[in-house]
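Report on the structure given below.
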Amino acid sequence: MAYFKSETQRANFVQREEELLEHWDKERTFERSVERRKDGEPFVFVEGPPTANGLPHPGHVLTRVVKDLVLRYKTMRGFYVKRKAGWDTHGLPVEIEVEKNLGINTKGEIEDYGIEKFNKKCKQSVFRYEKEWVNATKRVGFWVDMDDPYITFDINYMESVWWSLKEVWKKGLLYKGHKVVPFCPRCETTLSSHEVAQDYRDVEDPSVYVKFKLKQEQDLYLLAWTTTPWTLLGNIALAVHPSNTYVKVKLNASTKDETLILAEARLDALDDDYEILERFEGKALEDLEYERLFEYAKVEGGEAHKVITAEFVTLDEGTGIVHVAPAFGEVDYEVCREKKLGFSQPVNSAGHFTHEVPPLEGMFVKDADRLIIELMEQRGVLYKEAKYLHSYPFCWRCGSPLLYYARESWFIAMKSLRDGLLANNEKINWYPAHLKHGRFGNFLDGIEDWALSRERFWGTPLNIWLCTECGKDFCVGSIEELKARATNTVPSDLHRPYIDEVVLRCEDCGGDMRRVKDVIDCWYDSGSAPFAQWHYPFETDKFKQNFPADFITEAIDQTRGWFYSLLAVSTAIFDEPPYLNVLSLGHILDDKGVKMSKSKRNVVDITAIFNNEGADALRWYFYTAGPLSDDIRFSEQGILEKQKKFLNTFWNSYFFFVTYAAIDEFNPEVKVIPVAKRNAMDRWIISRWNTLTTEVIAAIERFEVHVAARKIEEFVVNDLSNWYIRRSRRRFWVPEENFDKDCAYLTLYEVLVSLCKLLAPFVPFLTEHVYLNLVRSGDEHKSVHLCDYPSPDESLIDTALEDSMLLLSTLVEAGRRTRSDAGIKIRQPLREVVIVCNAEKQDKVTSLTAILKDELNVREVTLVEASSKSEFAAVEEYKQADVDEDTTLFLNTGLDKELIEEGMVRDIVRRIQGMRKDIDLEYTAKISIMYEGDDAVKEAITNLADYIREETLAVAINEGLPSVESEQIYVKTWKIDKKEVRLAIKTA
RNA sequence: GGGCCCGUAGCUUAGUCUGGUUGGAGCGCUCGGCUGAUAACCGAGAGGCCCGGAGUUCAAAUCUCCGCGGGCCCA
């Protein structure tokens, strides 16, 4: 009875994979693989939580298989690797999706619809594609615990987020300020930068050159420029560049005695002839006061209407004097804050002027531009008006022009944590390394405070209550604390709108405290994952075992996303880095190099890939494509090639083994032969395997997955399949049992089993299938994924042998080249090959001459010193080929009758083997052969009949073809060396 | 507009950190060969302004600077 199950030559990877998914489910292989390492050293992973309100695309799959590779590898290396899945569930994208479905798009409409109902819809929406995510995750072989995931809307998760924010508050790092955000006045909604980027249009706006009259000077004006006249109502300052040259010019055309100041480089903005009166640097203007254009809006919180200096002033356009309105520009807001200037907000949240601006009251700001220009003209402060073509953002939903608008917002003072962020970053190992001090490090260097609050509905509510009497703020850090301080019932769900009803008692004045209506930026949610997924500090053990993470990986766009929010939260709360190794992946582009996106309709359907090429092929494609940090131009063709080249070759090596092992009933359990006793070929492949293992482990540890995978691929295709198995085939075909055959079987068996383990984290399906057939008893594992990762045995690495084999292959190549040049096919045996080389190389080749004879089909290999080179060079029959700088090869091309006969017979054998294959004979089936040919053919066959019988498993060879055609007889006519030969075979 | 990354044959890429013979390989193409595991393999050939320009150097795909194209993150 055969020890191994026979296989089909076609692997049918997809079907194998689907079988194994069921098998793993049934056997609970994943759970067991984790469990059996529970006493091992922990290797902590945090899953970057995806949002399941869209379909998973190839980029998500890449992330998942990279995570899987590392986690499987670490598990096999003995680490205890818990793999908790996670879902990111809050945030504006979810709300927008729901709004779309409800056909509404303003905050007012949401409130009319009801926040309670709306948030319910949001909660349902986030798991809309959960099934597709779970299926894709399982199908690709990502082993992660999706039965017990962390979910950011979970009450325990939210409570931990609240706790952490209270820690921030206690440290005095949470403050209220203004943030200038892109805002759609129609939808009454702030837009995320992603949304803003969706609809930029080139539009023509009025641009105005406005004269600001300096105080204490007669008829001296600063000439400023703006493309948004309506923002002039909120003007607080004028900015000049401190070191650029400014000029005071007298306009010749002017009827009045008028003098203007502007940047010298911008003089061509003037329409009139002018005379330069004075030159000075911008900083000479600093602190000069000017008269307001409009006396309407009130200014709070500081000085106003003076000249400041700022580096952001450019001379590319305008006048080099920039109008600054902190209510309407982020840069403006920042610079005013820095210079402790005041703030003026004459526009309401719908984008209309307030009662502070009587002539414009109630007007939409964009519509007011015309009137404002007219007003300025009447007052004589408009120098000129022009059209200005620029790119301006519009609301992607309703098409309204967006306004940049200062809104109240809560901030975390990240600037004050800058040193901590930088110090913690130093403790993190980045791959690729340049991110550490490049993109990420630079970002931390210039870190800004984190605008944490969102005036929205579906999110973790901001846990700050303000006293309606005295204005005192209080941050609630737990449900227990909420209950203790509440004057009314505390809801079981912490979401809006329920939480909005909870009123606290002010400790200072006894007044009612009401919650700030905002929710928290969902990036803060996911940044809290290291502790919130374990409900820390309300439960402590699991967090302590799982912090910091040893490893996280996501795509490069998370640098300022999750990679940052994790570090920011962890630095604020613990002053520790939340992860020690971070692997940043490139993006998946389409086959033309363009990012895949829904709107471009170039997203590849991954389920089609799973059904056509399978998960292993897809995984191998990702692993071998290039450095993980590089973008991948994704093509299904590329995946198919991986299947054909790598998976098929591996399968065929395995198929070859089980086919013959079944015939011979080879049983690996009863054979023990030390490697040292096996032949050079066996020792070579074992040495190569150990060298490979060393290299693979080193590469994975450096996250150079493509290096590891490509080395394995080379090993399988070149070393194992095309050299070891091809060279060793005949050893397996010997019918009777012998020592050499056992060595071959054992060696191939050991290499295949070890390869399964080495490859298991990469292609978990194929390796499992092969392993389950190869390792049939005697161990408790029952899965390759329960095995230890192979470790190299240094004592089996024979570098000298590997070198020799390398030399041998160059000799074979040179010999083949010589044959090809001389026009002698390889099937034609030749008398001799002479290798001219030094003693050291002779030593290397000596033990391998048998292989050389066989590969070059020559009877003798002669090794000689360089001194005899000229002897052979002089003989015409010896064709010369240079192998390397001190090695030359001579091929004796002389033929005699015996060699020609042998060549003829080898051709005939080759034809007969082909015919056996044509009619699908069993490898062991015996045949009888009939032939017709001329006398030379007949003589050759007669002389070498034994050889033919042995090679083709023939019991009889007879001249003459049967007169009657028969279905049992297969006849074919061949041309061999211009001779016609007819051959017939039938089963004996 | 700024920062970071990428650009090598028709395609996928090695080599770039650490400058040094004639820039390797696979797929595809042409010709020849081999083959009872292989849809595989072997040999030969065609196919490279190493994105462009300037600089450093005895020497540049490699180092520096300036552009161009693509990607990402910001503005």
Side-chain angles (χ1 to χ4, degrees), chain A residues 7 9-11 193-194 196-197 312 314 316 329-331 391 432-443 445-446 448 555-561 563-564 584-589 591-595 621 624-627 629-633 635 637-638 640-646 648-660 706-707 710 713-714 717-718 721-723 725-726 728-730 732-733 748 809 812-821 823-828 855 857 885 906 909-910 912-918 920-925 951-953:
Chain A
E7 292 281 9
Q9 179 140 18
R10 290 279 152 263
S193 57
H194 169 73
V196 172
F312 65 74
T314 65
D316 299 337
E330 189 170 354
V331 176
S391 156
H434 62 77
L435 289 176
K436 181 172 186 165
H437 296 119
R439 184 189 284 208
F440 196 69
N442 291 341
F443 173 59
D445 260 338
E448 297 287 339
I556 177 88
D557 54 284
Q558 295 300 328
T559 313
R560 293 184 187 198
F563 295 159
Y564 170 67
S584 164
L585 307 177
H587 284 120
I588 305 290
L589 312 177
D591 55 359
K592 291 173 194 68
V594 180
K595 193 193 177 185
Y621 171 76
T624 52
S629 52
D630 282 4
D631 291 344
I632 295 173
R633 277 196 189 199
S635 84
Q637 186 59 32
L640 185 64
E641 275 164 22
K642 284 300 166 190
Q643 190 201 58
K644 280 158 66 171
K645 176 165 187 146
F646 177 67
N648 254 338
T649 307
F650 182 65
W651 177 266
N652 285 321
S653 303
Y654 158 73
F655 174 72
F656 173 84
F657 173 81
V658 287
T659 302
Y660 287 97
H706 69 296
V707 173
R710 285 172 178 186
E713 183 169 302
E714 276 171 36
V717 174
N718 297 336
S721 176
N722 288 330
W723 193 246
I725 296 181
R726 185 167 66 77
S728 306
R729 272 185 296 202
R730 293 186 158 268
F732 295 90
W733 295 342
L748 183 53
S809 70
V812 170
E813 276 172 32
R816 293 237 176 98
R817 204 159 53 228
T818 317
R819 271 182 170 275
S820 180
D821 290 347
I824 303 170
K825 59 190 177 182
I826 292 171
R827 237 179 269 123
Q828 175 61 57
E855 286 290 314
N857 195 15
E885 64 273 14
R906 281 193 56 158
V909 167
R910 153 87 192 100
I912 292 170
Q913 303 290 35
M915 290 168 71
R916 287 184 61 117
K917 200 175 179 181
D918 284 347
D920 273 335
L921 282 189
E922 292 291 320
Y923 294 166
T924 49
E951 288 294 310
T952 63
L953 298 183

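Every chain is numbered from 1, with letters handed out A, B, ... down the list of sequences.
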From CD of A:Q913 over to C1' of B:A37, roughly how many Å is that when rounded to an integer? 14 Å

Which value, in whole Å, describes the distance between the C1' atoms of nucleotides B:C31 and B:G19? 39 Å

Nearest-angstrom distance from the residue atom CD of A:E641 to P of B:C11: 14 Å

Residue mapping more 5' on RNA chain B - nearest nucleotide basis, A:H434 or A:H706: A:H434

Below 4.0 Å: OP1/OP2 of B:U35 and any side-chain N or O of A:R906: yes

Side-chain-base donor-acceptor pair under 3.5 Å for A:R10 and B:A39: yes

Closest nucleotide among B:C4, B:U13, B:G71 to the A:H587 side chain: B:G71

Value for NE2 (A:H587) from CD1 (A:I632), rounded to nearest 0.5 Å, stands at 11.0 Å

Rounding to a whole Å, what distance do you find between A:I632:CD1 and B:G70:C1'? 16 Å

Using the ring centroid of each side chain, check whether A:F563 and A:F440 are separated by less than 6.0 Å. no

I want to verify a distance call: between B:A14, B:C4, B:U38, whose nearest atom is closest to the A:N442 side chain? B:C4

Between B:A37 and A:Y654, is there an OP1 or OP2 to side-chain N/O distance shorter than 4.0 Å? no

Considering only B:C6, B:G3, B:C34, which nucleotide approaches the side chain of A:D630 most closely? B:C6

Applying the 3.5 Å cut-off to both distances, the Watson-Crick or G-U partner of B:G45 turns out to be B:C29

Closest of B:A14, B:U38, B:A37 to the A:P627 side chain is B:A14

With heavy atoms under 4.0 Å as the rule, sort A:A555 into base, sugar-phosphate or nothing. nothing

Between atom OH of A:Y621 and atom NZ of A:K642, what is the distance when rounded to the nearest 0.5 Å? 9.5 Å

Write out a two-atom table: protein N or O, nucleotide N or O from nucleotides 41-44 of chain B, distance below 3.5 Å.
{"unit_1": "B:C42", "atom_1": "O2'", "unit_2": "A:R816", "atom_2": "NH1", "d": "2.9"}
{"unit_1": "B:G43", "atom_1": "OP1", "unit_2": "A:E813", "atom_2": "OE2", "d": "3.3"}

Please state the P separation for the pair B:G67 and B:C4 - nearest whole angstrom. 13 Å

With rounding to whole Å, what would you report as the distance between B:U21 and B:C17 at their C1' atoms? 22 Å

In whole Å, what separates the P atom of B:G7 from that of B:C51? 8 Å

Looking at the base of B:A40, is there any donor atom on it, or on the side chain of A:S721, that sits under 3.5 Å from an acceptor on the other one? no

For B:A61, the Watson-Crick or wobble counterpart (both distances under 3.5 Å): none

Find the distance A:L435:CG to B:C6:C1' and express it as a whole number of Å. 13 Å

Could you tell me whether A:E951 and A:R910 have a side-chain N and a carboxylate O separated by less than 4.0 Å? no

I'd like the C1' distance from B:A75 over to B:C11, given in whole Å. 37 Å

Do A:N857 and A:R906 have side chains that approach each other closer than 4.5 Å (heavy atoms only, starting at C-beta)? yes

Under 4.0 Å, counting only non-hydrogen atoms across every strand here, what does A:T952 touch: a base, just sugar-phosphate, or nothing? nothing

Please check the phosphate of B:C11 (OP1 and OP2 only) for any side-chain N or O of A:R633 closer than 4.0 Å. no

Below 4.0 angstrom from OP1 or OP2 of B:U38, is there any side-chain N or O of A:Q9? yes

Closer to the 5' end of RNA chain B via nearest nucleotide, is it A:D557 or A:F655? A:F655

Identify the nucleotide, in any strand shown, that forms a Watson-Crick or G-U wobble pair with B:G1, with both distances under 3.5 Å; if there is none, say none. B:C74

Across the strands shown, which category fits A:F657 at heavy-atom distances under 4.0 angstrom: base, sugar-phosphate, nothing? nothing

With side chain to side chain contact (heavy atoms under 4.5 Å, CB included) as the criterion, how do A:S584 and A:S629 come out once you've worked through the C-alpha distance, each side chain's angles and the decisive distance to 0.1 Å? CA-CA 6 Å; A:S584 164; A:S629 52; 5.7 Å; no

Go through the structure and list residues passing ring pair (Phe, Tyr, Trp, His ring centres under 6.0 Å) with A:F650, not counting sequence neighbours. none

Gap between atoms CG and P, on A:N648 and B:C27 respectively (whole Å): 14 Å

Using the side-chain heavy atoms of A:I556, tell me which of these nucleotides is nearest: B:C27, B:C72, B:U35. B:C72

Sequence neighbours left out, what passes side-chain contact (heavy atoms from CB on, under 4.5 Å) with A:D630? Give chain and number order. A:P627

Figure out the CD1/P separation between A:I725 and B:C34, and round it to whole Å. 23 Å

The Watson-Crick or G-U wobble partner of B:U56, with both key distances under 3.5 Å, is none

B:C5 C1' sits how many Å from A:F440 CZ, rounded? 17 Å

Per atom distances to the A:R560 side chain, the nearest of B:C27, B:C72, B:C74 is B:C74

Interatomic distance, NE2@A:H706 vs OG1@A:T624, rounded to 0.5 Å, equals 10.0 Å

Salt-bridge test for A:R816 and A:E855: reply yes if a basic N is under 4.0 Å from a carboxylate O, no otherwise. yes

Check whether any side-chain nitrogen or oxygen of A:R827 sits under 4.0 Å from OP1 or OP2 of B:C34, and answer yes or no. yes

Ring-plane angle category for A:F656 and A:F732, please: parallel below 30°, perpendicular beyond 60°, tilted otherwise. perpendicular

Which whole number of Å gives the distance between the C1' atom of B:U22 and that of B:G48? 13 Å

Starting at CZ of A:F656 and ending at P of B:U35, how long is that distance when rounded to a whole Å? 16 Å

With sugar-phosphate meaning primed atoms plus P, OP1 and OP2, does A:W651 contact a base, only sugar-phosphate, or nothing at under 4.0 Å between heavy atoms? nothing

Pairing partner of B:G24 (Watson-Crick or G-U wobble, both distances under 3.5 Å): B:U13

What's A:R819 touching, base or sugar-phosphate or nothing? Going by heavy atoms closer than 4.0 Å. nothing

